[in-house]
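Whatever order the structure lists them in is the order used to number ligands and atoms, beginning at 1.
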Amino acid sequence: MAQHGKLRMILDRDYRIAELDRRVFGSFIEHLGRAVYDGIYQPGHPMSDEEGFRKDVIALVRELEVPIIRYPGGNFVSNFYWEDSVGPREKRPKRLELAWRSTESNQVGLHEFSRWAEKADSSVMMAVNLGTRGVQDACNLLEYCNHPSGSRYADLRIEHGAKDPYNIKVWCLGNEMDGPWQLGMKTMEEYGRIAAETAKAMKLIDPGIELVSCGSSSIEMPSFPQWEAATLEHTYDYVDYISLHNYYGNRKDDSADFLACSDDMDRFIRSVVATCDFVRAKKRGRKDIMLSFDEWNVWFHSNAADEDIMRNHPWQQHPRLLEDVYNFEDALAVGLLLITLMKHADRVKMACLAQLVNVIAPIMTEPDGGAAWRQTIFYPFLHASRYGRGTVLMPAGSVTKHRTSGHDEITDAESIAVWQEEKEELTLFLVNRNLERPVELSLDIRSFPQYQVLEHIVLESPDLKAVNSASGESVRPEKHAGTHVTDGCVEGLLAPASWNVIRMKKS
Ligand code: AHR
C-alpha cells in the first residue's frame, strides 16, 4: 500500500465564504433526444399520471430536490417558436428541429412543462431565442408567461387555460451565442447589443425578473474571455448574471488527470469573476455580476453515436441522443465539480447540472413500460443538494499533492464544509482523488464544540469503470464506520478514489 496522504485543516465558523444559494443545485431539461418525450413525458406508460408525466421520474427528481430547471434549451432554444408549443395540442405544428436534426412534435410546451415543474417541486429558468428571433419575440413570451391579464399575450395564455401567470423569475438571454454550431450565432458586438436591448425591454414588462447574459460556451473558446468583457460592456446595467458552460470527460483515458477537471473549473470561474470585476471597475459600477454556471457535467461517452444519428439518421422524433452511461469515476468528477461550485458560493449563485433525464443525465428511463433508474452521478448530486444547506465554510490548512499527466500538482483531496447554524448541523464534502493512496483526515473543529459525527457516507468502488443500469446499481453509497471527533478534531480515513459526506451535529 502506498504511503497515506494527509489532509490537515482547521474549520472555523468565521471562515465564511457565503450563504449557499440553493439554485446552485439546479438542472436542465432541453427538447433534445429523450429528455422530454420518453423521459419526463410518456403517455400510456404504466407509471404515467393522467397528464402523461412519468411518476417514477418525478419521484426521482423530487428525491434530488432540484430547485430550478432550465428550459427549453440549450441549442434548441435558438430556433424555438414558442407559439407552436402552446394552445390546443391537436393544432400544434410539427417542426424540423435544426439544432439536433430531429422532429419536434410540440406536444409538450410551456404549459405542460410548467405543470411538470410544479409536480417536481421545482421552478423554471426560461431561455429566450436570440438566435433566429429577437427583442419583440422575447417580450411576447415574457408577457405570455408573467403578465397577469389585459394584454394580447397574457389573455392568450388565459384562453389556453392558464389563468394564473407562470411568474418565471429567471430568464436566459439566448444560449451559447458565441458558438459556430448555434443557429443565429453572433459576434460579441451583435450579441452585446441585442442582449442589452432585450434585457431593457423585458425589465420594463416585469422589473422583478432576473436576467442571465450569455458567457462563453466553454473556457476553450478562442474568444474567451474577451467575449465576456465585450458583451458585458453592453449588458452590465441590465443583467444580473453571466452564464458559464463547460463539459468535462476522460477523453485521454487517463483517470488521474480526468479527476483534475475541477481545477480547470475553478480556473474558469476565477477568470470569469475577474472579467466581471474588470467591467465593473471600468464602468465605475456599483453591482457585482453574479455567475450562473448553467451547463456543467461530464459529457463525452456518447459523442460518436450522436454524430452518427444526427448525420446519418436525422429527423427522428426523440432519438437516443447524448445518452452517456456514467461510470464510477464520472461520479467522482461530478462530486469534485460540486465542491468547486460550493467553494465559489460568493459569486456562483446558480448552476445547472446538464441535464436531468436521459440526456447526459443522472436519471435514465427505459421505454415500453420499463423502469427509471439512477446513474452513478445521481449520488453526489443527491448528497450535495440534500445536505449542502446553509453557510459555506472554507477549511484552511494543507493537503498532500500528486502530479498528473496534464497538471503539475493537484491536491490528493478536495473539501468544503456547509454549516446549517439554526439546526446546528455541519456537513463536510470530500473527494479523495488520489487513485493510489488513502488520505488521513484530521480537521480541527474546535469552534464547533460538542459536534459529533452523525454519519459518514461513502461512494467507492473497486472498479473506476463500474456503471449502474436498469437492472441494478453497482455504484451506490454505503455507511462508513470509524470517523469520529476526538478532542475537537474530526479524524478518519478517506479511501483512494472516494466521494465522502461527513455529517455532524451538536450533541
Ligand atoms: O446540454 C447539451 C448542449 O450543450 C446544449 O444544448 C448546448 O447549450 C451545449 O452545447
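Between the D324 side chain and the I360 main chain, no donor and acceptor come within less than 3.5 Å of each other.
By the side-chain contact (heavy atoms from CB on, under 4.5 Å) test, P180 is found to be paired with M185, M221, residues two or more places apart in sequence or in another chain being considered. For T231, the side-chain contact (heavy atoms from CB on, under 4.5 Å) partners two or more places apart in sequence, or in a different chain, are M188, Y191, W227.
Classification of E210 and K349 as a salt-bridged pair fails, no side-chain N sitting under 4.0 Å from a carboxylate O. Between D257 and K252 there is a salt bridge, since a side-chain N of the basic residue sits under 4.0 Å from a carboxylate O of the acidic one.
For the ring pair (Phe, Tyr, Trp, His ring centres under 6.0 Å) condition, the pairs that include at least one residue of residues 201-224, sequence neighbours left out, are F224-F268.
At a 4.0 Å heavy-atom cut-off, the residues surrounding ligand 1 are F28, E30, G74, N75, W100, N175, E176, Y247, E295, W299, L322, Q355, I360, listed by chain and number.
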